[in-house]
Structures are given as C-alpha cells and as structure tokens.
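To start, the structure under review is shown below, and the notes come after it.
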Protein chains: 2
Amino acid sequence: MTTIRDVAKKAGVSVATVSRFLNGNGYVSQEAAIAVKAAVEELNYELNTVARSLSTKKSNLIGLILPDITNPFFPELARAVEDVALTYGYTVVLCNSDEDPKKEKNYIETLKKKYIAGFIVTSNQLDAPHYANLKLPVVALDRVINEQIPTVVSNNRQGGFMGAQALVDRGSKNLLFLRGPEDFGSANDRYIGFKDAMERNSVAYETVFCPFHFAESESIVEKILQDNKDIDGIFASSDVQAAGALKAAHNLGLAVPKDLQIIGFDGISMGEMMTPALTTIAQDIYKMGAIAARVLIKQIEGQPIDNFMNEIPVSLVVRGTTKGAVT
Amino acid sequence: MTTIRDVAKKAGVSVATVSRFLNGNGYVSQEAAIAVKAAVEELNYELNTVARSLSTKKSNLIGLILPDITNPFFPELARAVEDVALTYGYTVVLCNSDEDPKKEKNYIETLKKKYIAGFIVTSNQLDAPHYANLKLPVVALDRVINEQIPTVVSNNRQGGFMGAQALVDRGSKNLLFLRGPEDFGSANDRYIGFKDAMERNSVAYETVFCPFHFAESESIVEKILQDNKDIDGIFASSDVQAAGALKAAHNLGLAVPKDLQIIGFDGISMGEMMTPALTTIAQDIYKMGAIAARVLIKQIEGQPIDNFMNEIPVSLVVRGTTKGAVT
DNA sequence: ATATTATGTGTAACCGGTTACACATTACAG
DNA sequence: CTGTAATGTGTAACCGGTTACACATAATAT
C-alpha cells in the first residue's frame, strides 16, 4: 500500500504539503501541487480513510436508523438516502433497530466509536433527549424529535385530511380510521387531519390503534368489520395497515370498493401490486430521503441550515380501492 | 476519551499488557489481569476500533451486497444476516447495488479501504473472478460464484420441480413458466427443475424470460395470457413476478385459482398480503441469511469451513392461488 | 527602508491502538 | 545443578494519516 510518505518522497516535498494538497487547505504552491498530483497518479495513491479518521476523529459514514427494514416504506427511503449520500462521498450504514431500543443504542454506540459523521433517524424507539445529547449532527426523518433537530416530514395533517375527505367525497358514510402507534407523532398528525375533516363533514366514524404490521392489521380490522357492518370506508395511517384491511375485507367477502372503500398512507410501490390497487395518500418518499441526506450533510460540513422544518406535500393517488371521484 | 495508556497507568502495567489482556492473547498474569480489569471498569474504558483497525488492518465490518433493496426478499435476508452478525460482534454494512456494477464496485472499493472483514454477495452484477480476486472472505448467498467460494443457496432445482408438479397435481394442463434473469444461476436451476417435472408429465408449457420486477412481470404476463387463452397455470421464479402475474390475471378478469393457478418462488411475507394469498415455493430466508453470516464469520476468524455448499431445502406453501391439493 | 502580512514548506508530535523483541523469572527435564 | 521451555512484562516502533508550530521568503504597507 502506498502511503502519503511515498508520495511525498516521489514528489520531493514533505508529507504536510501532500496532505495540504489532498485536502485543499493551507498553502500549496502551483509547483508543489503539480509534483504531488503527478506522484499521486504515478503511484496510484489512495488515501487511507481509517488513518484519517483516527487522526481527525471524523469519518464519511452516515447512519440511517430504521425501525423495521421489512416495511417496504423504509427500504424505499433508504434507497434515496443512499443515492444522495453516495454522490457526496458518504457511505450509509443501515441500522435496522427492529423496534428494539437496545439494538438501536448498540448501533449508535458502535458507530459513534467509528466516528460516524451523523445520523438520520426514522425510528422512535429512544426518547428525544437521547438523540439530542448525541453531540452529533442528526436529522429526523418521517418524525419530529424536537425543534433543534432538522426535520423532514410529510405534511401529515394535510394527508390525514385529504384521505378522510376523499372517502367522504366518494360516498363513504361510516368511516374507520386506523391510527398508528400511539407514540409516533407523524401518525398522530395524520389523525388530527382526519379529525379535522370529520368535523367538517357529518359522517359517523370510529378509530382504533393498530401497529404498522400486516397481520395485526388484518385481524384487528376483520374483527371490527364483523362487529360493525355499517363501515363503508377505511382510512389507514399506513399502506401496510391498508393491505391488512384489504385482506380482511376479502376474507369477509366484502366488495372493494363497492361495499367498502380503503385508502392507505405512504405510497409504497407495493400498493400497486394489490388487487384492487391501493388508493393512498402518497408521501414523496424519494424526496424525503434525498432532502434528509442533504440536510444532514450540510450540517456535517458546517453549512448553514436554512430551514429546520421541511414539510413535504403529499398527494392523493387514486387507484382501485376507492370509487371514481364524485365531483 | 480514555485510552489504553490511561488504563495502563492506572493499573500499573504497560500498554502491552493491557492490550494482551483485552485481546486475550499472549501471557498475562492473574495479578495483572485483575488490575487491568479493575482499571478498565473504573475508567469506563472502551477500545477505539478505528485505531485498532489502522494497526491490525482488520475491522468488524461485514458487507452485504444486495442487488435491489426494494425487492422484499432482500430486506428479509438482510435482517437475518444482521441478527447473526450482531451476536458475533460484527456490524453489517448494507450495500444496495441497484443492479449497477459501478455502484457495486464503488462499494467494494470503499469498504476494502476500511479494512472490511468480508462480504456476503447476493448480487450478480460482477463476474466471478472479480469476487474471487478480492483477497477477502466472501460468501455467495442465493447464488453460486464458484466452487472455491462458500455458498448458501436454496435447493432451487428441487423447488422448480415441486412448483411445477404442484400445478400439475392440481389440474393445470397448460403451464407458463416465468424464467428469471438469464445470467442468474439460481433462476436457471429453478428452470431446470421445472423442465424435469415437465418431462415426467405430459402437459403443454411455454416459458418466458422476465425480470424480477412487478410492473414488467404484469405486462409480460398480461400479453401472454391474452395471446394464449389456454394457460391455466403459472409458475414464477420469484414472488414479485408472481404478484405481477396475479395482477395481470385480475386485469383480464381471470378467476384465480379457478381459471388460472399461480405459484411463486421465495416465500416473502408479501405473499400473504395478496388476494388470494400467494401459493409459493418458500425458501427458508432467515436460515439462508443466518448460515451465510455464520459461514462468513468462520472464514474471517480462520475456522475451518466444513462444507462449501449449503443447500437449504425449500417447501411448498399452499395458499390461495392454487386449488386444494388433488391427492 | 523597515514593518507587516501573505505565501509556502518541513519537522515532529499526535490520534489510539498492536506487537516484535528484549529481558526477566519460574518450572521442569535430564 | 544446569539447560531449556514456559510464563510474564515493558519499551518502542509502527499503522497512515493530520496539523501546530517554527521558519523562510516574497509582497505590500508605512
């Protein structure tokens, strides 16, 4: 392995000059720059990032903390983060916390020791102070941690409103709203938006807490649909829940969307695979991930953050689980 | 940050002794061990892995190369790899190559510079020599690279046979087999198994190449079903393809499984979410990932590898896209 | 003409570990 | 009782970068 000393020798300068040239800081004469550049190319020199990390206590690693890699929403997000990070020369370490706080802490500790440059946090296993005390650049993605931490979220309230309104507009009179995990702020915002819409429309509705997991959603919804035959519209806080609801409807022989309309939330590509394809409030997943990555990198590189709250608009994607619009 | 020198001072020994104690190699007297242990605890010392990596040219990082993080099969695999790696003290870096050889090479180069301990490769973007020349422990997962590289794959031939036979047993007389990407060995094994079954049963069949992507599968299958109304059974080389086929069937108003039976391959949990739920040849995804991780770690730690070819049995999971067994 | 500032470079210490090697002591074999 | 092996420890070099600081020269200000 060629080192910076080899390069220095070949270029006839000191290691300090080589380092300065490589990092573009300090003074380097034109002459020296040319010599170093030639030596680097001739020797095929590649900088050792481990040595650099040891010395600078920095790295080009970004941690992306995900609660559940098995929920398609997160891989789609991860892909966007990765895309952007790579173009800026950062490597993303995916941390699947599996909704286990211990696992998440373990990841954070391990990566801090590796001088990780920062974290993008999409999970909500740990409480806010824990992230705030990290002494590291952090971006909250798809959730709010606190006002000091730059945040990228969808306009969840608006989405909640839109989904509810869409069902009402299409004739649903008895709604079921599937709330997300109680401790998940974005899910609560969706609920607030939903309630908002309910106040402006006089339709009956009920709500139920439901984890973002298919099988649980299926059984919870199936039970409710059996107890309450009037329900003719379900709005889920996530597409995975909606998939469960759709399954439940099928299990009970309900015609979707004729007897029961369903709207999900997320806009994961899996929605298109279902039958009927899922109508949903689509988040701009790629954009969210991309912005989160950019904001984190800005922070890492000490650039000013213009706005701490990036609220991304959502959109209603009408597919098969709702009736044609009743305008 | 407390260093090994702080510990040495506090324990009244040299850094070499501390290091030997920490790594459990070389001679350390009982007395010294106790003193060091106490000092470590008192000072809350934690070893700096970056410094260690620089010195040893080793790390506890494992790279997991995935072709497409968006295909649910891979996150499920990743989870298993991660689980096992974590218990052995390794950290997994997920490398989503996005089926782009350049991206994959970039990952490999970046991680080699970080003294990555080894790779688990599930992608097939690069040719065999590239992986073989890595000078690093490698495990091939869900694909074969060559005989020198330890391999974990499903019994794909058997799976191909089973799926085909299952359709025939359930009355399908005109099969369509969706082949996977031509350069993907495991998919070809599934095809071989399928053909084997075809030779033992006199049923008509046709095959078509089809990428492991939902939308393409849907349109390819829809076209074929329109051209050939006789097809009454589809066997897909992956569940994602099968999802596309199911969608195509729905688009054309075909009753599944009455008019058309469908069997997928993989056993991803998404199969349960579809309607009807997908009958499939299930791979033991968790087991595959777990074994791959263990075999890689064995290699890394210089332990002997008992068998280079780990073929994991598959199983037929009968759900809703096939008729009840005709025994 | 002198003081000050900008430009340019090299030496050597440092980041925090590992480990070769030299040196000591103790145990055991012959 | 001596020779050899096993046990135990410390010093100092090394991994491959970064950078504070000292020093030199050229450019500009006064």
Side-chain angles (χ1 to χ4, degrees), chain A residues 1-37 39-40 43-61 89 109-117 301-302, chain B residues 1-37 39-40 43-61 89 109-117 301-302:
Chain A
M1 177 178 269
T2 50
T3 76
I4 199 171
R5 290 168 223 271
D6 300 329
V7 174
K9 192 172 289 175
K10 173 137 250 161
V13 297
S14 75
V15 290
T17 300
V18 176
S19 179
R20 279 189 289 258
F21 170 79
L22 258 23
N23 293 294
N25 55 27
Y27 297 112
V28 177
S29 68
Q30 190 104 45
E31 202 182 0
I34 291 168
V36 171
K37 199 172 171 188
V40 165
L43 297 174
N44 231 308
Y45 168 76
E46 290 186 44
L47 192 141
N48 183 317
T49 51
V50 175
R52 169 183 278 176
S53 281
L54 178 60
S55 179
T56 60
K57 298 181 186 299
K58 284 179 189 140
S59 79
N60 60 166
L61 252 35
E109 288 313 310
T110 305
L111 292 176
K112 271 189 87 170
K113 280 197 244 166
K114 292 201 188 296
Y115 302 122
I116 190 126
E301 300 185 346
Chain B
M1 176 178 267
T2 49
T3 74
I4 198 171
R5 290 169 223 269
D6 299 329
V7 175
K9 191 172 290 176
K10 172 136 250 159
V13 297
S14 74
V15 291
T17 301
V18 177
S19 179
R20 279 189 289 256
F21 170 79
L22 259 22
N23 294 295
N25 56 27
Y27 297 110
V28 177
S29 69
Q30 189 104 44
E31 202 182 0
I34 291 168
V36 172
K37 201 173 170 186
V40 165
L43 297 174
N44 231 309
Y45 169 76
E46 291 186 43
L47 192 141
N48 183 316
T49 52
V50 175
R52 170 183 276 176
S53 280
L54 177 59
S55 179
T56 59
K57 298 181 187 299
K58 283 179 188 140
S59 79
N60 60 164
L61 251 36
E109 287 313 310
T110 304
L111 293 176
K112 271 189 86 169
K113 280 197 242 166
K114 293 201 187 299
Y115 302 122
I116 189 126
E301 300 185 346

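Chain identifiers are assigned alphabetically (A, B, ...) following the order of the sequence lines, protein sequences preceding nucleic acid strands; residue numbering begins at 1 within each chain.
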| field | B:K37 side chain near B:I34 side chain, heavy-atom distance below 4.5 Å | value | no

| said: Between P on D:dG16 and CG on A:L22, what's the gap in Å once rounded to a whole number? | reply: 15 Å

| said: What is the distance, to the nearest angstrom, from the CZ atom on A:F21 to the P atom on D:dT19? | reply: 17 Å

| Can you check whether B:V18 reaches B:Y45 side chain to side chain, under 4.5 Å on heavy atoms? | no

| field | B:E46 CD - C:dG17 P separation (whole Å) | value | 11 Å

| task | Using atom CG of B:L54 as one end and atom P of C:dC15 as the other, report the distance to the nearest whole Å. | result | 14 Å

| message | Taking any heavy-atom pair under 4.0 Å as a contact, classify A:T3: base, sugar-phosphate, or nothing. | response | sugar-phosphate

Show me the protein contacts with nucleotides 22-25 of chain C, counting only N or O atoms at under 3.5 Å.
none

| note | Residues passing the side-chain hydrogen bond (donor to acceptor under 3.5 Å, both in side chains) test with A:N48, sequence neighbours excluded, are B:Y115

| query | In whole angstrom, what separates A:K58's NZ from C:dG16's C1'? | reply | 18 Å

| B:K10 atom NZ, over 12 foreign heavy atoms within 6.0 Å | no

| query | Closest to the A:L47 side chain: D:dG17, D:dC15, C:dG17? | reply | D:dG17

| field | Close side-chain approach of B:V13 to B:F21, heavy-atom, < 4.5 Å | value | no

| message | Students often get this wrong, so: under 4.0 angstrom with heavy atoms, is A:Y45 touching a base, only sugar-phosphate, or nothing? | response | sugar-phosphate

| said: Quick check: do B:V50 and B:K114 have side-chain heavy atoms less than 4.5 Å from each other? | reply: no

| query | OG/B:S14 to NZ/B:K9 distance, rounded to the nearest 0.5 angstrom? | reply | 13.5 Å

| request: Could you tell me the separation between the NZ atom of B:K113 and the P atom of D:dC15, rounded to a whole number of Å? | output: 19 Å

| query | Less than 4.5 Å apart, any side-chain heavy atom of B:L22 and any of B:S19? | reply | no

Under 3.5 Å, which protein N or O atoms sit close to an N or O of nucleotides 7-14 of chain D? Give each pair with its distance.
residue	atom	partner	partner atom	Å
D:dT7	OP2	B:Y27	OH	3.2
D:dT9	OP1	B:S29	OG	2.6
D:dT9	OP2	B:S29	N	2.7
D:dT9	OP2	B:S29	OG	3.1
D:dG10	OP2	B:S14	N	2.7
D:dG10	OP2	B:S14	OG	3.2
D:dG10	OP2	B:T17	OG1	3.0
D:dG10	N7	B:R20	NH2	3.2
D:dG10	O6	B:R20	NH1	3.2

| request: Rounded off to whole Å, could you give me the CG-to-C1' distance for the A:N48 and D:dT18 pair? | output: 13 Å

| message | So, OP1 or OP2 of C:dG16: does either fall under 4.0 Å of a side-chain N or O from A:K57? | response | yes

| request: Taking only the side-chain nitrogens and oxygens of B:N23, find out if one of them lies under 4.0 Å from OP1 or OP2 of C:dT18. | output: yes

| said: How many whole angstroms separate atom OH of B:Y115 from atom C1' of D:dC15? | reply: 7 Å

| request: Please test A:R20 against A:V36 for side-chain contact (heavy atoms from CB on, under 4.5 Å), starting from the C-alpha separation and ending with a verdict. | output: CA-CA 10 Å; A:R20 279 189 289 258; A:V36 171; over 6 Å; no

| query | Phosphate oxygens OP1/OP2 of D:dT18: is one of them under 4.0 Å from a side-chain N or O of A:S19? | reply | yes

